[in-house]
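Taking it in order: structure first as structure tokens, then the write-up.
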Amino acid sequence: TTFFFGMDISVGVGAPTTVQGNVIRKFAISNAGASATTPSFTGISINYGNLVVNQNVVGDPLNNGSITVTKAGTSTTATTVMPIRISGGTTITTSNNTVAGITAIGLATGPASIIGIHVAGGTTNTVSNNTIGSTTIANSIIAPFNTTANASLVTGINIAGGTNATVSGNTVANISNSSSSSSASAQVRGIVVSSSTLPTVTGNTVFALSAANANTGVNTGSSVLGLQVSSSSAGATVSGNTIHSLINTNTTAANVNVIGLFVNSATTGTNMVSKNFIHSLNTTATGTTATLTGMEVGAGQLTVDNNMIR
């Protein structure tokens, strides 16, 4: 089993420790092991402390495949690439970082997945003004191995832990998942905020997301999902985000779903979804109930106003 950490950081909770201006690129790992809990490749790993993670580059915004991780062996557990990983700590600011030029290649026996920025811990997380992928270069972040048995998952930013999360001003663009699997695990997702007491998600831009899968999942399990915000506590704000050019390129009769914005909120208090702009969703799948949805509200008590969907 092989695990790679570019930087593995655990520090104190006093004055903030700054992790800034580092460049991690030009790696080819072909003996990547598989673990359900530890990524095969982690560029910057934050395990504990009070930190500012700022202006780092993992991969290369100008060249695809700067970091390539290829699954080896017979394990069916996904080989996962996490360029920036926050697994614990107190107050953590992750801003102005670039994650690009990342390729994860799976096998028929097991997939390879990518999560650009993964937050699984921390008390107060601010994730702002990061660029995941490229605004100009196609397939900057890609899981390219195409097999019906490969349920790769590709996600730009994933907030799956912590108490309070502010996610603002980020750009996620030109990320792709070539898996043609019909598994519920086969997805491409822009930004996912699924665990936060008080999420504020504003001013993000998500575009040029592409998937080839035949996954017929709905809601948060949709084949292509631009932005997801789920919160069980009152006070969620989802505003001023732009989501466009999402496509599922599968050509079978699969009833795939492409969703621009999905929101679940608390059933009490004030929860706002406003001034979001969503457009240009598409699929080539021929299923009779294949569906494109600009915005879907799964549950909650919300004020939904002044959004534009076309």
Side-chain angles (χ1 to χ4, degrees), residues 2 4-7 21-32 39-44 55-72 78-85 96-108 110-118 129-147 150-158 170-181 186-191 204-213 223-226 244-250 280 282:
T2 301
F4 175 87
F5 291 85
M7 304 176 72
N22 303 284
V23 178
I24 299 171
R25 65 172 54 138
K26 294 188 176 179
F27 285 93
I29 299 176
S30 59
N31 189 28
S40 297
F41 178 96
T42 306
I44 299 172
Q55 295 180 336
N56 301 284
V57 179
V58 182
D60 190 338
L62 300 178
N63 296 285
N64 289 356
S66 172
I67 295 172
T68 299
V69 179
T70 304
K71 183 175 177 60
T79 290
T80 304
V81 177
M82 291 185 185
I84 298 177
R85 178 193 187 205
N96 299 297
N97 300 285
T98 299
V99 174
I102 311 288
T103 300
I105 304 172
L107 299 172
S113 297
I114 306 169
I115 303 174
I117 295 177
H118 180 66
N129 301 314
N130 301 284
T131 299
I132 311 300
S134 169
T135 58
T136 58
I137 299 175
N139 303 319
S140 176
I141 293 178
I142 185 171
F145 189 65
N146 183 8
T147 172
N150 186 333
S152 296
L153 170 65
V154 179
T155 304
I157 297 172
N158 185 40
N170 300 285
T171 298
V172 178
N174 282 299
I175 68 174
S176 302
N177 185 351
S178 299
S179 169
S180 57
S181 171
Q187 292 180 276
V188 62
R189 309 181 300 177
I191 299 174
N204 301 284
T205 301
V206 177
F207 69 95
L209 271 56
S210 175
N213 62 65
S223 67
V224 183
L225 181 58
H244 67 90
S245 305
L246 314 183
I247 185 170
N248 183 305
T249 60
N250 192 280
S280 304
N282 195 14

Task: Result of checking Ile105, Val81, Ile102, Ile29 against Thr68 for side chain to side chain contact (heavy atoms under 4.5 Å, CB included) - done: Ile105
- [ ] Would you confirm whether Ser113, through its side chain, and Leu153, through its main-chain N or O, come within 3.5 Å as a donor-acceptor pair?
- [x] yes
- [ ] Look at the side chain of Asn64 and the backbone N and O of Gly101, then say whether any donor-acceptor pair between them is shorter than 3.5 Å.
- [x] no
Just how far is it from atom [atom1] of [X] to atom [atom2] of [Y], taken to the nearest 0.5 Å?
{"X": "Asn170", "Y": "Thr131", "atom1": "CG", "atom2": "OG1", "value": "8.0 Å"}
{"X": "Asn213", "Y": "Ser152", "atom1": "CG", "atom2": "OG", "value": "10.0 Å"}
{"X": "Phe5", "Y": "Ile44", "atom1": "CZ", "atom2": "CD1", "value": "13.0 Å"}
{"X": "Ile117", "Y": "Arg85", "atom1": "CD1", "atom2": "CZ", "value": "14.5 Å"}
{"X": "Asn282", "Y": "Ile247", "atom1": "CG", "atom2": "CD1", "value": "4.5 Å"}
{"X": "Thr80", "Y": "Ile114", "atom1": "OG1", "atom2": "CD1", "value": "9.5 Å"}

If you look at every heavy atom in [X] and [Y], which pair is closest and at what distance?
{"X": "Gly59", "Y": "Ser66", "value": "C-OG, 3.7 Å"}
{"X": "Val154", "Y": "Ala143", "value": "CG2-CB, 3.7 Å"}
{"X": "Gly133", "Y": "Ala100", "value": "O-CB, 3.4 Å"}
{"X": "Ser178", "Y": "Ile142", "value": "OG-CD1, 4.0 Å"}
{"X": "Leu209", "Y": "Leu225", "value": "CD2-O, 3.9 Å"}
{"X": "Ser176", "Y": "Asn139", "value": "OG-OD1, 2.6 Å"}

What I'd like to find out is whether the side chain of [X] reaches to under 4.5 Å of the side chain of [Y], using heavy atoms alone.
{"X": "Arg189", "Y": "Asn158", "value": "yes"}
{"X": "Val99", "Y": "Asn130", "value": "no"}
{"X": "Asn97", "Y": "Val58", "value": "no"}
{"X": "Met7", "Y": "Ile24", "value": "yes"}
{"X": "Pro61", "Y": "Arg25", "value": "yes"}

Task: Pair Val206-Ile191, side-chain contact (heavy atoms from CB on, under 4.5 Å): steps then yes or no - done: CA-CA 8 Å; Val206 177; Ile191 299 174; 3.9 Å; yes
Open item on the list: Pairing donors with acceptors under 3.5 angstrom, does anything connect the side chains of Asn174 and Ser140?
Closed with: no
Open item on the list: Among residues at least two apart in sequence or on other chains, which ones pass ring-ring contact (aromatic ring centres under 6.0 Å, His included) with Phe4?
Closed with: Phe27, Phe41
